[in-house]
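Start at 1 with the first residue, then count along the sequence. Keep in mind it's a predicted model, so treat the numbers as computed, not measured. Reckoned from all heavy atoms, side chains included, excluding hydrogens, waters and symmetry mates.
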Amino acid sequence: MAFAGGYFTRDYISRQRRAEARRMRGYAQPDWLNANAPANTNEVAPPATGELGQMLDRWESRARARRAG
């Protein structure tokens with residue numbers, strides 16, 4: 001019990017410190033990081049933009065084609 005309490009307390013304090021550091025530095029969440037992105041659902045995420053997004057789309061379409069036969 002004592003170990004579990006210690007781990008919980010350490011995690012809780014660390015989260016508070018990180019949150020305070022973000023507030024002090026004026027952290028702003030990047031626009032590409034969507035907190036409400038679908039995780040394991042049938043919802044479709046918006047298409048990625050930029051070179052990386054295009055590359056990932058190509059990879060995914062090739063993987064789909066391989067799976068389809």
Side-chain angles (χ1 to χ4, degrees):
M1 282 300 265
F3 283 112
Y7 281 115
F8 172 78
T9 303
R10 184 180 65 175
D11 180 56
Y12 179 74
I13 291 172
S14 294
R15 287 176 191 262
Q16 284 184 331
R17 287 181 182 165
R18 285 191 291 267
E20 181 64 26
R22 283 193 300 271
R23 281 193 295 272
M24 296 299 287
R25 293 185 187 137
Y27 174 79
Q29 183 172 337
D31 56 352
W32 55 265
L33 180 61
N34 184 3
N36 297 325
N40 196 9
T41 65
N42 290 331
E43 297 176 30
V44 177
T49 57
E51 292 179 24
L52 178 61
Q54 291 175 0
M55 182 178 69
L56 293 174
D57 287 340
R58 283 195 302 267
W59 284 359
E60 185 60 33
S61 63
R62 289 176 187 159
R64 262 191 242 108
R66 280 194 304 272
R67 285 192 298 263

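Residues that satisfy the side chain to side chain contact (heavy atoms under 4.5 Å, CB included) test with Glu20, not counting sequence neighbours, are Arg23, Met24.
Of the charged side-chain nitrogens involved, at least one lies within less than 4.0 Å of a carboxylate oxygen, so that Arg67 and Glu60 count as a salt-bridged pair.
Taking CG of Asp57 as the start and CZ of Arg62 as the end, the distance is 11.5 Å to the nearest 0.5 Å. The structure places CG of Leu52 at 4.5 Å from CG of Leu56, a figure rounded to the nearest 0.5 Å.
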